[in-house]
**Q** 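Pasting in a structure now, in structure tokens, and then I'll have a few things to ask.
In this chain, numbering begins with 1 at the start of the sequence shown. Computed from a predicted model, the values in this text were never measured in an experiment. Below, all heavy atoms of this structure are taken into account, side chains as well, without hydrogens, waters or symmetry copies.
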Amino acid sequence: MTTTVKLAGGAQGFNWLPVFVAEEQGLFAKHGLKIEYLRMGSVDKATTAVLTGDADLAITPPEGAVSNYINGGELRVVASNSNRLPMSVVAHPSITSIAELRGKKVGTSSLTEGTAIYTQLLLGREGLKYPGDYEFALAGVHTKRWEALLAGDIDCAPQPAPWNFIAEAAGYNLIGEVNDAIPEIVFAALIANKSWLEANGETVGKLLKALAEAHAITNDPANEAVTLRIFQRITVPDNADLALRGLRYMRDMGMWPHGLCIPEKALDTTIDLMIRVGLLEEGKRGSAAGVFDSLYLQEALA
């Protein structure tokens, strides 16, 4: 018997590599699963899709789930899809440093999740404060942000590999590395409603097993013949060299965690950044980690 799982995401791009590896290597089918992919267009909408029941689970930044949990909601984190931020701050050719972003417009995919939080921390290290010193513009996911940069609608944006390298080749400047400021964090988590998890524990276990197997394949350089082909297709179909550079850049920094693990430090960093940018009260720091229900992952990988 095959069970269909509705899996939502914003762009379903580079960080979804293990998911597509699992699909193409038949790992979902091996575990009796069929994945229905819901591409929502933004990380906020992916979180909302789980809240409303339009999706069973989502792979998306965890900030929305943390906020929901703290406020008594049903959202829970059950695993990590990625624990690194493979992004450069890409700026217009006329801008050569973060200090020059004062008064400029920064493209992001959300005002409350993901890129906006990382950018605030990185720019804050250089003395720029938000709001006040710069403004955010909702420009969409990374492909849309690149279009906005080209059109001149924004002055800079955090861009993942290989779009950072595409921009560099086009004359844009890479003025900061997000991973330097935030070396370990839950970049994208697997989230679901508590009630759905309790009613579908067996399905969750099968999904986590399939994804863990896919992460192992993705992290092994010996499997580049498999992973590069998929990575190129979902990033830069016409440029194998850039795709290889992007794949190795992410894999070598530890982008995709073995066993979908969420290290305590990574979750602490997520919570700390939410507090720093005003999305979470300091007094709720200790309880916020409860959003991660580790039981499903422990049972799946036992």
Side-chain angles (χ1 to χ4, degrees), residues 1-43 45-47 49-50 54-61 77-84 86 141-143 160-163 186-192 196-197 200-238 240 243-244 246-248 250-251 254-261 296-297 300-301:
M1 180 179 176
T2 299
T3 302
T4 298
V5 175
K6 294 183 289 185
L7 185 60
Q12 297 182 0
F14 62 95
N15 68 303
W16 278 57
L17 176 60
V19 180
F20 298 129
V21 168
E23 184 74 63
E24 296 198 12
Q25 294 296 300
L27 301 179
F28 291 135
K30 183 181 82 170
H31 290 284
L33 301 177
K34 178 181 179 182
I35 306 300
E36 180 181 338
Y37 296 94
L38 305 178
R39 183 175 295 179
M40 309 308 298
S42 76
V43 294
K45 290 179 180 178
T47 303
V50 175
D54 293 325
D56 298 323
L57 305 103
I59 293 176
T60 192
V77 169
V78 295
S80 176
N81 179 64
S82 44
N83 286 341
R84 297 290 188 274
V141 296
H142 51 280
T143 50
W163 284 272
V186 184
F187 171 40
L190 196 65
I191 70 169
W196 186 89
L197 290 167
N200 297 275
E202 184 178 353
T203 297
V204 176
K206 291 177 179 179
L207 179 65
L208 294 176
K209 287 177 182 177
L211 290 175
E213 292 171 22
H215 275 239
I217 292 172
T218 301
N219 283 318
D220 188 345
N223 295 320
E224 254 181 22
V226 172
T227 55
L228 177 58
R229 174 175 49 81
I230 300 172
F231 188 81
Q232 183 178 348
R233 188 189 72 224
I234 61 180
T235 55
V236 281
D238 299 325
L244 180 59
L247 172 63
R248 289 177 174 173
M250 293 186 187
R251 189 187 65 216
M255 173 80 175
W256 298 286
H258 291 279
L260 313 177
C261 70
Y296 294 96
L297 192 58
L301 303 184

**Q** Has Trp256 got a side-chain atom pairing as donor or acceptor with Asn15's backbone, closer than 3.5 angstrom?
**A** yes
**Q** State whether the side chain of Ser82 and the backbone N or O of Arg84 hold a donor-acceptor pair below 3.5 Å, judged by distance alone.
**A** no
**Q** Within a 6.0 Å radius of atom NZ on Lys45, are there more than 12 heavy atoms belonging to other residues, nucleotides or ligands?
**A** no
**Q** Any sub-3.5 Å donor-acceptor pair from Asp54's side-chain atoms to Ala8's backbone N or O?
**A** no
**Q** Counting C-beta onward and ignoring hydrogens, is there a side-chain heavy-atom pair between Leu208 and Leu190 closer than 4.5 Å?
**A** yes
**Q** Is any side-chain heavy atom of Leu17 less than 4.5 Å from a side-chain heavy atom of Arg251?
**A** no
**Q** Going by heavy atoms in the side chains, are Phe187 and Pro86 under 4.5 Å from each other?
**A** yes
**Q** Go through it in stages, so that I can follow the logic: the residues are Ile35 and Leu207, the test is side chain to side chain contact (heavy atoms under 4.5 Å, CB included), and I'd like the CA-CA distance, side-chain angles, deciding distance and then a yes or no.
**A** CA-CA 9 Å; Ile35 306 300; Leu207 179 65; 4.0 Å; yes
**Q** Using a 4.5 Å cut-off on heavy atoms from C-beta on, say whether the side chain of Leu33 contacts that of Thr2.
**A** no
**Q** Are the charged groups of Lys34 and Glu23 less than 4.0 angstrom apart, N to O?
**A** no
**Q** Do Leu301 and Leu297 touch side chain to side chain, with heavy atoms closer than 4.5 Å?
**A** yes
**Q** Taking only residues two or more places apart in sequence, or in another chain, which ones meet Thr218 in a side chain to side chain donor-acceptor pair (under 3.5 Å)?
**A** none
**Q** Start with the C-alpha gap between Glu224 and Arg248, add the side-chain angles, then the distance that decides, and say whether salt bridge (Lys or Arg N to Asp or Glu O under 4.0 Å) holds.
**A** CA-CA 9 Å; Glu224 254 181 22; Arg248 289 177 174 173; 2.9 Å; yes
**Q** Tell me the closest heavy-atom pair linking Ala212 and Gly259, and the distance in Å.
**A** CB-CA, 4.4 Å
**Q** Surrounding CD of Glu202 (heavy atoms of other residues, nucleotides or ligands, distance under 6.0 Å), is the total greater than 12?
**A** no
**Q** Within the structure provided, determine whether Leu260 and Asn81 are in side-chain contact (heavy-atom separation under 4.5 Å).
**A** no
**Q** Does any part of the side chain of Trp16, heavy atoms only, come nearer than 4.5 Å to the side chain of Leu7, both counted from C-beta?
**A** yes
**Q** Can you tell if the side chain of Tyr296 reaches within under 4.5 Å of the side chain of Leu197, non-hydrogen atoms only?
**A** yes
**Q** Could I get the full list of side chain to side chain donor-acceptor pair (under 3.5 Å) partners for Lys30, not counting sequence neighbours?
**A** Glu213
**Q** Does Gln12 use its side chain to pair, donor to acceptor, with the backbone of Leu38 at less than 3.5 Å?
**A** yes
**Q** Of Val204, Asn200, Leu57, which is the lone residue that meets side-chain contact (heavy atoms from CB on, under 4.5 Å) with Val5?
**A** Leu57
**Q** Taking the six-membered ring where the residue is Trp, are the ring centres of Phe20 and Phe28 under 6.0 Å apart?
**A** no
**Q** Examine distances only and state if a side-chain atom of His215 and a backbone atom of Pro257 form a donor-acceptor pair shorter than 3.5 Å.
**A** yes
